[in-house]
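Atoms considered below: every heavy atom in the structure, side chains included; atoms not considered: hydrogens, waters and symmetry mates.
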Number of protein chains: 2
Amino acid sequence: MDKKDLRNSLIATATRLFAERGLNGVSIRELSTAAGVSISMISYYFDGKEGLYSSVLSEQFSCFEYMKSIKERDTGPLDKIEEYIRWSIHRNREYPYLLRYYTSELTNPTRYFSVIVQPALETALQILIGIIREGIDKKLFREELNPEDTALAMAGMVNYYFLSTLATQKFVNHSPERDEELIRHYMDIFCKGL
Amino acid sequence: MDKKDLRNSLIATATRLFAERGLNGVSIRELSTAAGVSISMISYYFDGKEGLYSSVLSEQFSCFEYMKSIKERDTGPLDKIEEYIRWSIHRNREYPYLLRYYTSELTNPTRYFSVIVQPALETALQILIGIIREGIDKKLFREELNPEDTALAMAGMVNYYFLSTLATQKFVNHSPERDEELIRHYMDIFCKGL
DNA sequence: GTCTATATTGCGATAGAC
DNA sequence: GTCTATCGCAATATAGAC
């Protein structure tokens, strides 16, 4: 195993284990064994357990950069909102552990929250707020809408679908095959209401 | 300090500390010191750290019982939905640590998830689904709506408002004085859409 | 660069005094 | 019923061999 493989092996194993049991729920002993490397490599490459955690966090939240490309799109607010929903679902599928870091950092922030997590979430939400505001300005959406609350409602709707999986899988089908239907359905609820 | 006080002191301290740093993030040493009692009292009253955690969890989720009274109300679906939103907001205000256990158990379930958390959440969501279904049956809501997805969208909207607090407090006013306005606004978004 | 072995600290649980 | 003192174990970090 060369240098790159060893480092990547640690990141991959840590991503899964920290997500499943939290920063304090995993020992570097167990983690290094699961990664198939020596325990001392964690200090060597990441300067200890917390350094490894912050590397995992950076990697997981880097995908929020994509939100900026939605902002720059040459389409209308409604299309951008659909793209936001599609991206949110895709993001949760591609990074199955992301939501755990997301919620864990929001409710039990580590010292890395303000540096890695907060900026990523704030940027994404501010862009979504801007999209709603644009729709109101262009008279496409009702002017009574508060852009901030509306954006949070939108983000909450999508994220909660994934967050609730463990409690709802017995009566809600969470399979990826249904994702496109879900996007249409969420757009429908959000545009027309009940 | 008599027996009841000592036990309550442990529950109160544990509720705060486990919420802030998770089950594995707090030692019973620190916890008993913060509660002002001896470390051995945790085993004596709760049969160890995990027993104390499960007692905290039971207490936090007992408020979900209230959802059954919303189901039995002698009003229409729209009124029940408003009551659901009002209760959700009130619940998060009255139990400021509840959402942390809620999300922590959903993303990193302990052995108590299936006994305490899952039943509480499932019951509440099933009642909400029933309310949406009732509205569709009575032709009050559009028949294209999928009751399950719609209920999850509703629940997600309210919960995310609280979940996102730490990342959004700079640009969204989360003060309780705005709660009634929020209820009206969420009802408005949900009923009429954009 | 990677390992093994170990130093040191802190953990949860409990025996036994009062 | 509540405490102090301690046991046995597992944690992180690192020194030193290769």
- [ ] Please state whether the phosphate of D:dT2, meaning OP1 or OP2, lies under 4.0 angstrom from any side-chain nitrogen or oxygen of B:Tyr45.
- [x] yes
- [ ] Could I get the full list of side-chain contact (heavy atoms from CB on, under 4.5 Å) partners for B:Arg29, not counting sequence neighbours?
- [x] B:Ser27, B:Ile39
Task: Separation of D:dA10 C1' from A:Arg21 CZ (nearest whole Å) - done: 14 Å
Protein and nucleotides 11-13 of chain C: nitrogen or oxygen contacts under 3.5 angstrom:
{"residue": "C:dC11", "atom": "OP1", "partner": "B:Ser27", "partner atom": "OG", "Å": "3.2"}
{"residue": "C:dG12", "atom": "OP1", "partner": "B:Lys49", "partner atom": "NZ", "Å": "2.7"}
{"residue": "C:dG12", "atom": "OP2", "partner": "B:Ile28", "partner atom": "N", "Å": "2.7"}
{"residue": "C:dG12", "atom": "N7", "partner": "B:Arg29", "partner atom": "NH1", "Å": "3.1"}
{"residue": "C:dA13", "atom": "OP2", "partner": "B:Lys49", "partner atom": "N", "Å": "3.2"}

Task: Spacing of A:Asn24 atom CG relative to D:dA10 atom P, expressed in whole Å - done: 18 Å
Open item on the list: Measuring only between side-chain heavy atoms, which start at C-beta, is B:Tyr101 closer than 4.5 Å to B:Phe18?
Closed with: yes
TODO: For B:Phe46 and C:dT14, give me the distance from atom CZ to atom P, rounded to whole Å.
DONE: 16 Å
Open item on the list: What is the distance, to the nearest angstrom, from the CG atom on A:Leu52 to the P atom on D:dT12?
Closed with: 11 Å
TODO: Determine, for A:Glu180 against A:Arg86, whether the closest basic-nitrogen to carboxylate-oxygen distance falls under 4.0 angstrom.
DONE: yes
Open item on the list: Using whole Å, what does the distance between atom C1' of nucleotide C:dT2 and atom CE of A:Met41 come to?
Closed with: 5 Å
Task: B:His174 and B:Tyr161 aromatic centres sub-6.0 Å - done: yes
Open item on the list: Going by side-chain contact (heavy atoms from CB on, under 4.5 Å), name the residues that satisfy it together with B:Pro109, two or more places apart in sequence or in a different chain.
Closed with: A:Leu166, B:Glu105, B:Phe113
- [ ] State, without any angle test, whether B:Asn146 and A:His185 hold a side-chain donor-acceptor pair at a distance under 3.5 Å.
- [x] no
TODO: Take atom OH of B:Tyr44 and atom C1' of D:dG1, then tell me their distance rounded to the nearest Å.
DONE: 5 Å
